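Just so you know, ligand 1 is whichever comes first in the structure, and atom 1 is the first atom listed for that ligand. Worth saying up front: this structure is predicted, and the values here are computed from it rather than measured. In what follows, every heavy atom counts, from backbone to side chain, and hydrogens, waters and symmetry copies are set aside.
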Amino acid sequence: MKLQVVLSLCAVLAVSLQAPSPEQCGCEITNSGDDFPHDKLSTADGNASDCNRNITPNKTVELESLLLGLERRIAQLHKDVSVLEREDDGELYGVLSLYVIENEMVEIRHLMDRLNSTTETDQHLTADAVQQLRALRVEMREMETFDTAQVVRGRLDNELLRMDLNDCQNGLNATPPPTQPPPRTCAHGQLQNVTGPRVFTKGEYPGSYPYGAWGRDPEPEPGKESWYWLVMMTSGNKFSNYIRLYSSLSSLIVGKSVPGNVDIHPSNPTTNTIQGPNNVLYRGALYYNCYNQPEVCRFNLTTKKVTNFRLPEGTRYNSKGNFCQLDECYPFTDLDLATDESGVWVTYTTSQDFGNLVLSKVEEGEPPRLGQTWHTSIYKQAITNTFMACGVLYATRFKTKGVEEIFYALDTVTGKERFNLGILMNKMAPKIQALNYSPVDQMLHAYSDANMVSYKALFA
Ligand SMILES: *[C@@H]1O[C@H](CO)[C@@H](O)[C@H](O)[C@H]1NC(C)=O
Ligand SMILES: *[C@@H]1O[C@H](CO)[C@@H](O)[C@H](O)[C@H]1NC(C)=O
Ligand SMILES: *[C@@H]1O[C@H](CO)[C@@H](O)[C@H](O)[C@H]1NC(C)=O
Ligand SMILES: *[C@@H]1O[C@H](CO)[C@@H](O)[C@H](O)[C@H]1NC(C)=O
Ligand SMILES: *[C@@H]1O[C@H](CO)[C@@H](O)[C@H](O)[C@H]1NC(C)=O
């Protein structure tokens, strides 16, 4: 009887495996009688789980999220069009606004295409599934002639034995288990590429202020999700005393600032003035280099209060530790504030690091304070700017007037540095005064010789 053959075979295997010789693992199988159609069962099994995997619940989730995305996009388009209509003042409307609408139409088109291909695949899947389920039923009827429960059990035992055998062999090869890297709190891997520019605008003051920064608050207050911020160095390319807010991307592009400015102080410069362009807005507060201090200031836009903390002794400030390109440096870029999925960061340099770049986490809280610190081996004057994405620090360098290279990365989880990333960015102007990553939409926002330019960051 076949079943007994299978079972006693298992017993033999189990016995022979109990005392494996140190040099070899193995077992001999001899069988007699009709073979149980394992192949057929295995295919049927495979087909059934394929069916399951293909149909539920991923497809539903994918379909739902695509539909949700479409709904959001259309709402946004509707909003932007009506904003633009209100702001229509003749020429401006035609020239600048079409860019935004075009961007949104492209995204909607992408969503539509994906939705279309998803529904088509689903139709095929459903048709295939019905056919496969019919075939499976026939197959299973045939197999009922065998004692299924026992056979399946036998298969399971054999499978376990096979695994033991593998373990035994692996033990002989004595390969150490792979070491797992520590868990990452962010879903994205390494930055792979940067495409764009996706947005390019001269904004409200074309050509007026070559130093500045702009972007989106990654953790905005409710109702301010589509807002953008802009800080321009309005005094000598060095200082600023206010933040300018725009209620949407199209407002920023057409240069209609609603709700307008939030002032830190009426004088410029004075205590708590923004010094240097590399600032970020996070949770409704601006983080920046305080006027005339080696300090990070945080200006709460709601309460208008400034709190701060000092960087380590030896930190270079007042234009002594700047970013540079070729033989020209960017004045007052001693501190570079950055945001990513995990919050706020700051890069700077110190005397004891001999001008090499230093990275610190900024701990939120009242007051904010200096968190964990990493010492890099890149010289700050050899880089144009830095940004953080998914716990990785990236640095760029000037390649040509039209191309910037993201060449360096420091992974704060593993502590590993890389110097040859070779990711290229097409510039709209030769210089980059500020570069920030927005975890909300994985965009890189660059302030480049008074232009606002954004790029899409693509991850592994
Ligand atoms: C289903 O979704 C999970 C998690 O999102 C993913 O790991 C898995 O590969 C998906 N399966 C298929 C068949 O797409
Ligand atoms: C969906 O795809 C099919 C086949 O590729 C095409 O004929 C059809 O026009 C597409 N529909 C839309 C709305 O894009
Ligand atoms: C299982 O799928 C394969 C390939 O799709 C097919 O050839 C076979 O007939 C299917 N078997 C059953 C029992 O559905
Ligand atoms: C990066 O993107 C650019 C522009 O889309 C493309 O030409 C290039 O091949 C991409 N590089 C890689 C490594 O994917
Ligand atoms: C700003 O102040 C408000 C009111 O005290 C507070 O709720 C909020 O958390 C503050 N924001 C930051 C980033 O500290």
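Asp353 contributes no side-chain N or O that, together with a main-chain N or O of Thr350, makes up a donor-acceptor pair within less than 3.5 Å.
Atoms of ligand 5 lying under 4.0 Å from any heavy atom of Thr303, numbered from 1 in the order shown and given with element: 2 (O), 3 (C), 4 (C), 5 (O). Listed by number with element, the atoms of ligand 5 under 4.0 Å from a non-hydrogen atom of Ala285 are 13 (C). Short contacts between ligand 5 and Arg283, defined as distances under 4.0 Å to a heavy atom of the residue, involve ligand atoms 13 (C).
Within the 4.0 Å cut-off (strictly below), a protein heavy atom is located near atom 11 (N) of ligand 4. For atom 2 (O) of ligand 5, the nearest protein heavy atom is under 4.0 Å away.
Residue, atom and distance of the protein heavy atom nearest to atom 4 (C) of ligand 4 are Thr195 CG2, 4.3 Å. Closest to atom 6 (C) of ligand 4, if we only count protein heavy atoms, is Asn193 ND2, 4.1 Å.
The aromatic ring centres of Tyr317 and Tyr348 sit 6.0 Å or more apart. Between Phe299 and Tyr288, a ring centre-to-centre spacing not shorter than 6.0 Å is recorded.
Enclosure of atom NZ in Lys399 is not indicated, since only 12 or fewer non-hydrogen atoms of other residues, nucleotides or ligands lie within 6.0 angstrom.
No side-chain N or O of Asn451 forms a donor-acceptor pair with one of Ser448 less than 3.5 Å apart.
Contacts between Asn300 and ligand 5 below 4.0 angstrom, taking non-hydrogen atoms only, involve the side chain exclusively.
Below 30°, between 30° and 60°, or above 60°: for Trp214 and Tyr228 the angle between ring planes is below 30°, a parallel geometry. Aromatic ring orientation, Phe239 versus Tyr291: perpendicular (interplanar angle above 60°, classes split at 30° and 60°).
Geometrically, ligand 4 and Gln192 share no nitrogen or oxygen pair separated by less than 3.5 Å.
Within the 4.0 Å heavy-atom shell around ligand 5 one finds Arg298.
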